[in-house]
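Here's the structure we're looking at; comments come further down.
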Amino acid sequence: MAGAAAPLPGLMLLLLLLLLLLLLLPAASAEPQLRFRPPAEAPVRLFTEPELARYDGHQEGQPIYLAVKGVVFDVTSGKEFYGKGAPYNALVGKDSTRGVAKMSLDPADLTHDTTGLTEEELKSLDDIFNNVYKAKYPIVGYTSRRILNEDGSPNLDFKPEDQPHFSIKDEF
């Protein structure tokens, strides 16, 4: 009878180890999922003019960015309009506020400068900004000119549009 009792504690130990492994195994496989979760949205950035120029639609596989009123939009989904050789490619890779307001692709109008625009052009700019760009394309950042004054001091009129996770202090 002593020989029959010896396998039982060994079997019990084996079952306990198996149970312990089963309990720990799901926790170990779930652990990587708990440690890394991609952000719901990509954070917005601050773009200098040379940085924004890199996203002009000429490099395959790179996003296409267009700034209007200092807000940088990802217009990649409209590649047929803004990509290389597309009809509105002249607008991308820069702040083209004046061109959008005047509905112009003239290189002289592809600037942030709104000086001298008529009341009708300013209204058109606001309509296109709100009803086309903000309604259709994600905001990926702001031009440094929108956030900073010419002397480098903060622009106190800066108000991020539709970006509750954006904090100006994180950008500097």
Side-chain angles (χ1 to χ4, degrees), residues 33-172:
Q33 294 173 344
L34 296 175
R35 284 189 186 175
F36 175 73
R37 290 199 178 142
E41 296 180 38
V44 295
R45 317 178 18 193
L46 185 63
F47 289 88
T48 62
E49 288 180 29
E51 287 171 327
L52 186 56
R54 289 187 230 154
Y55 301 95
D56 64 358
H58 287 93
Q59 192 170 19
E60 192 63 38
Q62 182 112 355
I64 304 169
Y65 294 164
L66 161 69
V68 178
K69 295 174 68 173
V71 180
V72 181
F73 296 94
D74 182 341
V75 296
T76 309
S77 65
K79 189 175 184 174
E80 65 276 8
F81 301 108
Y82 300 104
K84 183 178 180 180
Y88 301 116
N89 178 256
L91 297 171
V92 300
K94 62 183 75 70
D95 188 327
S96 296
T97 301
R98 184 179 198 82
V100 170
K102 293 180 76 168
M103 296 184 188
S104 169
L105 296 176
D106 181 335
D109 289 330
L110 302 179
T111 177
H112 69 280
D113 189 10
T114 57
T115 306
L117 291 178
T118 66
E119 195 65 37
E120 185 178 308
E121 290 168 334
L122 290 171
K123 184 182 178 329
S124 173
L125 173 63
D126 284 341
D127 288 345
I128 293 169
F129 179 77
N130 289 312
N131 300 322
V132 176
Y133 292 107
K134 279 180 67 177
K136 189 172 183 180
Y137 300 108
I139 295 172
V140 293
Y142 298 90
T143 62
S144 56
R145 182 180 311 281
R146 181 173 173 87
I147 295 176
L148 302 175
N149 293 318
E150 297 272 334
D151 64 0
S153 64
N155 175 0
L156 299 178
D157 294 327
F158 173 71
K159 295 182 180 42
E161 286 81 9
D162 304 327
Q163 295 295 324
H165 61 282
F166 179 78
S167 174
I168 193 166
K169 67 180 181 189
D170 293 337
E171 294 295 326
F172 297 102

Checklist entry - Taking side chain as C-beta onward, heavy atoms only, is Tyr142 less than 4.5 Å from Val71? => result yes
Checklist outcome for this item: On a heavy-atom basis, the closest approach of Asp95 and Gly70 is OD2-N, 3.0 Å
Checklist entry - Taking C-beta and beyond as the side chain, do Leu117 and Arg98 meet within less than 4.5 Å on heavy atoms? => result yes
Checklist entry - More than 12 foreign heavy atoms under 6.0 Å from CD of Glu49: is that the case here? => result no
Item to check | Atom CD of Glu80 with >12 non-hydrogen neighbours under 6.0 angstrom | outcome: yes
Next on the checklist: Working to the nearest 0.5 angstrom, can you tell me the gap between Leu46 CG and Leu52 CG?
Outcome noted: 11.0 Å
Checklist outcome for this item: Shortest non-hydrogen pair, Tyr82 vs Asn89, comes out as O-ND2, 2.9 Å
Checklist entry - How about Phe73 and Tyr137: are their ring centres within less than 6.0 Å of each other? => result no
Item to check | Working for side-chain contact (heavy atoms from CB on, under 4.5 Å), residues Lys136 and Val75 | outcome: CA-CA 9 Å; Lys136 189 172 183 180; Val75 296; over 6 Å; no
Item to check | Value rounded to 0.5 Å, distance of OH in Tyr65 from OG1 in Thr76 | outcome: 6.5 Å
Checklist entry - From Ile64 CD1 over to Asp74 CG, what is the distance, rounded to the nearest 0.5 angstrom? => result 8.0 Å
Checklist entry - How far does OG1 of Thr97 sit from CD of Glu121, to the nearest 0.5 angstrom? => result 13.0 Å
Checklist entry - If you measure from OG1 on Thr111 to CZ on Arg145, what distance do you get to the nearest 0.5 Å? => result 7.0 Å
Checklist entry - Nearest heavy-atom pair of Ser124 and Met103: which atoms, and what distance? => result OG-CE, 3.5 Å
Next on the checklist: For a quick test of reading the model, state the closest non-hydrogen atom pair linking Leu66 to Val92 and the distance between them.
Outcome noted: CB-CG1, 4.1 Å
Checklist outcome for this item: NZ (Lys102) and CG (Leu110) are apart, to the nearest 0.5 Å, by 10.5 Å
Checklist entry - Which heavy atom in Ala135 sits nearest to a heavy atom in Asn131, and how many Å separate them? => result CB-O, 3.6 Å
Item to check | SB check Lys94 Asp56 (cutoff 4.0 Å) | outcome: no
